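Inspection log for the structure reproduced underneath, given as structure tokens.
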Amino acid sequence: MFAVQHLIETLIRDALASAVVSGELTLAEMPVVTAERPREVAHGDWATNVAMRAAKAAGMPPRQIAAIIAGRISGHPDIAAVEIAGPGFINIRLSDAALQRVVAEARTQGAAFGRTETGAGRTLQVEFVSANPVGPMHVGHGRWAALGDSLARILEHVGFRVEREFYINDQGVQMDIFAESVAARYLELTGREVTFPAEGYRGAYITDIAREIRAEEGERWADTPAEERESYFKERAYAQVLEHLKHVLSGMGVTFDVWFSERTLHAPGPDGGPSEIERAIARLREAGYIFEHEGATWFRSTDFGDDKDRVLTKADGSYTYFAADVAYHWNKLEERRFDIVIDIWGADHHGYVKRMEAACAALGHEGQLHVIIGQLVNLFRNGEVVRMSKRTGEMVTFEDLLDEVGPDAARYFFLRRSTDQALDFDIALAKEQSSDNPVYYVQYAHARICSILRKAAGMPEAEDVRMLVSALVPADADLALLGADAELALFRRLGEFAEVVEIAAAQYAPHKLTRYAEELAAAFHQFYTVCRVVDPDAPELTAARLAVVDATRIVLELVLGLLGVHAPQRM
RNA sequence: GCGCCCUUAGCUCAGUGGAUAGAGCGUCCGGCUACGAACCGGGAGGCCGCAGGUUCGAAUCCUGCAGGGCGCACCA
């Protein structure tokens, strides 16, 4: 809850209560009181529909109720006007003084501006990307990387203690196939006759890895038993791919706190005891959700709304992927005790959501897992669909895309659409229109601000304007001088920041922030066009407007920071 | 067949119970002898996929239908 919103809701509640006491109003029950932002600026800064909600309980037309409330809330110094409109809306316009306040608040709070206590120190884990370590990431992974990292930043800003995690599927048949593929390429390079594995990975990177092994270690693996060779190649190629993943991700500014290996779930406990998987299944068994059928061990996920029950241990005694995932979530929730766990998966895994939620609920953690399903990225090049398959080899990788469009544009573009909207990404278009890309519009506003501040300080060569502002702009600048429409409009935008972050956090929706960033940049550009900032003939107005410029700089830097996009001081 | 997501301006998309449905791009018209024109102002452009229902009020919630995407393994 934010100060102004809280104030208005309180005023309305008090007005209703006093009207009842005085007998002007009779209420069978108290209506829900909410103040909201009207879509139209012409409708004021805040509006409430409480009169319409109360109509039935009061037995009185909404506009009449609105008149009673309006008469009781006008007069507060922060409220400039109260109007009744349409079917019974009460529109409230804030005073200039109430709007101007945000400038000083942003400057005083700096990077802490817009922080809230919503998370209240609760621990939260975001697990994302989690690409199989058997090849390069596709463009969809880039989208999850941008999404997960930005979400983590946003949730930190509203008070959660956040950890970023990458789950490595380093166990299972795909790893075997991966090793066989590298081995086959290696043997080819040494001139041996080999049949490439039918399901093998055919990408050129496999050959690159094989060539590197041959260059460093010669042909000494050519005549060893296949098992020995593949076992060695698996570990070596795996480590190499993992390093590659880290490298590409950090190229977009994404780093993880924990890289969690699936193998640790299969491994025996510290004292040779049961593995995490065995312990997790034992827990489900105790809780009564396990049964045996046709030689397999099943989890009765239908008890929690899943379509069918799921196998954990196959008839041949091996575990399903799901069994490891159950253990993994047991580890997150039971051993590491995260209050909230967020998994970001591609849309091609949505059929998996129910059973995972069922497992968490069966383990006693219902409602703590939130799965975000991101729709996929359709990659185009010159209008032609680029097929994304690891096996065909021909693909544009996430790394290729980063190289072509750069980390800021890639990130911003990935985040600009809501997660449940499929994303069409045409590489040629993104490059061609780079100067029209909205990320530049926002960054330009920031660079422009920094230029003004350098100019005002008489230090056009200054490296970092943040070092200049405290000396340049007095803390007690007279904000009451700022009443132009463009100024008040800018203050309104600045004042929305905390609310937007809160909504983005609550809905797991970073795209709310890209939109806000563009609106804030637009409000600044409009201000700049009509309000001369540096004016030697008006030193007090100059000081006040420099405060506005600095406050805008702070918020732009913050919002770009939450998106993981740079806020350049020059471009 | 079943499940999830999507369908809003020429294009790409915001908008999950409120008022005259918005933005960017594109298009047309206009604005630099002043702090960054990578900018700003204005115009044209909409049966919100279709049909019912709930509500004082529906792009938004419910039901059905159509179209598109993705899934439906003792694979990972």
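Since we're looking at a predicted model, the values are computed, not measured. Naming convention: chains lettered A, B, ... in sequence-line order (proteins, then strands); numbering from 1 in each chain.
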**OP:** Tell me whether the OP1 or OP2 atom of B:rC74 has a side-chain N or O from A:Tyr319 closer than 4.0 Å.
**Re:** no
Original post:
Would you call the rings of A:Phe322 and A:Tyr352 parallel, tilted or perpendicular, where under 30° means parallel and over 60° means perpendicular?
Top reply: perpendicular
**OP:** Provide, to the nearest angstrom, the distance between the CD1 atom belonging to A:Ile503 and the P atom belonging to B:rG15.
**Re:** 11 Å
Subject >> Sugar-phosphate, base or nothing in reach of A:Glu294, heavy atoms under 4.0 Å >> reply: base
**OP:** Quickly work out the A:Trp345 CH2 to B:rA76 P distance and round it to whole Å.
**Re:** 15 Å
**OP:** Could you tell me the separation between the CG atom of A:Asp537 and the C1' atom of B:rA34, rounded to a whole number of Å?
**Re:** 12 Å
Subject >> C1' gap between B:rC35 and B:rC48, integer Å >> reply: 44 Å
**OP:** Specify whether A:Phe527 and A:Phe524 have parallel, tilted or perpendicular ring planes, treating 30° as the upper limit for parallel and 60° as the lower limit for perpendicular.
**Re:** tilted
Subject >> Closest to the A:Ile452 side chain, choosing from B:rG36, B:rG71, B:rA76 >> reply: B:rG36
**OP:** Apply the test side-chain contact (heavy atoms from CB on, under 4.5 Å) to residues A:Asn132 and A:Val241: give CA-CA distance (whole Å), side-chain angles for both, the deciding distance (0.1 Å), then the verdict.
**Re:** CA-CA 9 Å; A:Asn132 292 332; A:Val241 171; over 6 Å; no
Subject >> Atom-to-atom span, OH of A:Tyr508 to C1' of B:rU16 - whole angstrom >> reply: 17 Å
**OP:** Between B:rG52 and B:rC11, how far apart are the P atoms? Round to whole Å, please.
**Re:** 26 Å
Original post:
With a 4.0 Å cut-off on heavy atoms, is A:His525 in touch with a base, just the backbone sugar-phosphate, or nothing at all?
Top reply: sugar-phosphate
Original post:
Between atom CG in A:Leu312 and atom C1' in B:rA76, what is the gap in whole Å?
Top reply: 15 Å
Original post:
Between A:Glu518 and A:Gly86, who's closer to the 5' end of RNA chain B by nearest nucleotide?
Top reply: A:Gly86
Subject >> Closest nucleotide among B:rA19, B:rG36, B:rC74 to the A:Arg454 side chain >> reply: B:rG36
Subject >> Sugar-phosphate only, base, or nothing, as touched by A:Thr320 at under 4.0 Å among non-hydrogen atoms >> reply: sugar-phosphate
Original post:
Counting only heavy atoms not in A:Met571, do more than 12 fall under 6.0 Å of its CE?
Top reply: yes
**OP:** Compare side-chain N and O positions of A:Tyr441 against OP1 and OP2 of B:rG36 and report whether any pair is under 4.0 Å apart.
**Re:** no
Original post:
Expressed in angstrom and rounded to an integer, what is the separation of A:Met571 atom CE from B:rA37 atom C1'?
Top reply: 14 Å
Subject >> Donor-acceptor side-chain pairing of A:His329 and A:Asp343 below 3.5 angstrom >> reply: yes
Subject >> Sugar-phosphate only, base, or nothing, as touched by A:Tyr528 at under 4.0 Å among non-hydrogen atoms >> reply: base
Review item, nucleotides 3-13 of chain B N/O atoms under 3.5 Å of protein N/O:
unit_1 : atom_1 : unit_2   : atom_2 : d
B:rG3  : N2     : A:His350 : NE2    : 2.1
B:rC5  : O2'    : A:Gln375 : NE2    : 3.4
B:rC5  : O2'    : A:Asp420 : O      : 2.9
B:rU12 : O2'    : A:Arg417 : NH2    : 2.0
B:rC13 : OP1    : A:Ala422 : O      : 3.4
B:rC13 : O5'    : A:Arg417 : NE     : 3.2

**OP:** May I ask which nucleotide in the shown strands pairs with B:rC50, Watson-Crick or G-U wobble, both distances under 3.5 Å?
**Re:** B:rG64
Subject >> Residue-phosphate contact under 4.0 Å: A:Thr529 side-chain N/O, B:rC40 OP1/OP2 >> reply: no
Original post:
What about A:Asn91: does its side chain form a donor-acceptor pair under 3.5 Å with the base of B:rA19?
Top reply: yes
Subject >> A:Tyr528 six-ring centre to A:Arg448 NZ/CZ under 6.0 Å and within 45° of normal >> reply: yes
**OP:** Side chain of A:Asp348 only, please: which of B:rC70, B:rA38, B:rC35 is the nearest?
**Re:** B:rC70
Original post:
Which part of the nucleic acid, if any, lies within reach of A:Ala447 when heavy atoms closer than 4.0 Å are counted: base, sugar-phosphate only, or nothing?
Top reply: base
Subject >> Between B:rG15 and B:rU8 - P atom distance, rounded Å >> reply: 14 Å
Could you run down the sub-3.5 Å N/O contacts of the protein with nucleotides 54-63 of chain B?
unit_1 : atom_1 : unit_2  : atom_2 : d
B:rC56 : OP1    : A:Lys56 : NZ     : 3.1

**OP:** Sticking with atom P, work out how far B:rG42 lies from B:rC25, rounded to a whole angstrom.
**Re:** 14 Å
**OP:** Answer with base, sugar-phosphate or nothing: what part of the nucleic acid does A:Ala456 contact at a heavy-atom distance below 4.0 Å?
**Re:** nothing
**OP:** To the nearest Å, give me how far apart CZ (A:Phe524) and P (B:rC39) are.
**Re:** 13 Å
Original post:
A:Ala347 near the nucleic acid: base, sugar-phosphate alone, or nothing, with a heavy-atom cut-off under 4.0 Å?
Top reply: sugar-phosphate
**OP:** Mind checking A:Gln569 for me? I need base, sugar-phosphate or nothing, with any heavy atom below 4.0 Å counting as a touch.
**Re:** base
**OP:** Fit a plane to each ring of A:Phe497 and A:Tyr516, take the angle between them on a 0 to 90° scale, and name the class: parallel (under 30°), tilted (30 to 60°) or perpendicular (over 60°).
**Re:** tilted
Original post:
Within the structure, does a side-chain N or O atom of A:His293 lie under 4.0 Å from either OP1 or OP2 of B:rC74?
Top reply: no
Subject >> A:His525: partners by ring pair (Phe, Tyr, Trp, His ring centres under 6.0 Å), with sequence neighbours left out >> reply: A:Tyr441, A:Tyr444
Original post:
So what's B:rG45 paired with, Watson-Crick or G-U wobble, going by both distances under 3.5 Å?
Top reply: none
Original post:
Hey, what's the ring geometry for A:Phe291 with A:Trp298, parallel, tilted or perpendicular (30° and 60° as the breaks)?
Top reply: parallel
**OP:** May I ask you to say what A:Arg310 touches in the nucleic acid, namely base, sugar-phosphate or nothing, with a heavy-atom cut-off under 4.0 Å?
**Re:** nothing
Original post:
Which comes earlier along RNA chain B counting from the 5' end, the contact point of A:His349 or that of A:Ile449, where each point is its nearest nucleotide?
Top reply: A:Ile449
Subject >> G-U wobble or Watson-Crick pairing nucleotide for B:rC70 (cut-off 3.5 Å, both distances) >> reply: B:rG3
Original post:
More than 12 non-hydrogen atoms from neighbouring residues, nucleotides or ligands closer than 6.0 Å to CD on A:Glu463, yes or no?
Top reply: no
Original post:
With rounding to whole Å, what would you report as the distance between B:rA9 and B:rG49 at their C1' atoms?
Top reply: 15 Å
Subject >> B:rG22 pairs with, by Watson-Crick or G-U criteria that keep both distances under 3.5 Å >> reply: B:rC13
Subject >> A:Leu520 CG - B:rA14 C1' separation (whole Å) >> reply: 17 Å
**OP:** Validate the cation-pi geometry between A:Arg300 and A:Phe304: distance from NZ or CZ to the six-membered ring centre under 6.0 Å, angle to the ring axis within 45°.
**Re:** no
Original post:
For A:Tyr328 and A:Glu165, does a side-chain donor sit closer than 3.5 Å to a side-chain acceptor?
Top reply: yes
**OP:** For B:rC70 versus B:rU27, give the span between their C1' atoms, rounded off to a whole number of Å.
**Re:** 36 Å
**OP:** Indicate whether any N or O donor in one side chain lies under 3.5 Å from an N or O acceptor in the other, for A:Asp170 and A:Tyr238.
**Re:** yes
Subject >> Any A:Lys308 side-chain nitrogen or oxygen under 4.0 Å from OP1 or OP2 of B:rC2 >> reply: no
Subject >> Separation between the C1' atoms of B:rC40 and B:rA34, rounded to whole Å >> reply: 15 Å
Subject >> Between B:rG64 and B:rG1 - P atom distance, rounded Å >> reply: 14 Å
Original post:
Can you tell me if the side-chain N/O atoms of A:Gln526 get under 4.0 Å from OP1 or OP2 in B:rG41?
Top reply: yes
Original post:
How are the rings of A:Tyr201 and A:Phe178 set to each other: parallel, tilted or perpendicular (split at 30° and 60°)?
Top reply: perpendicular
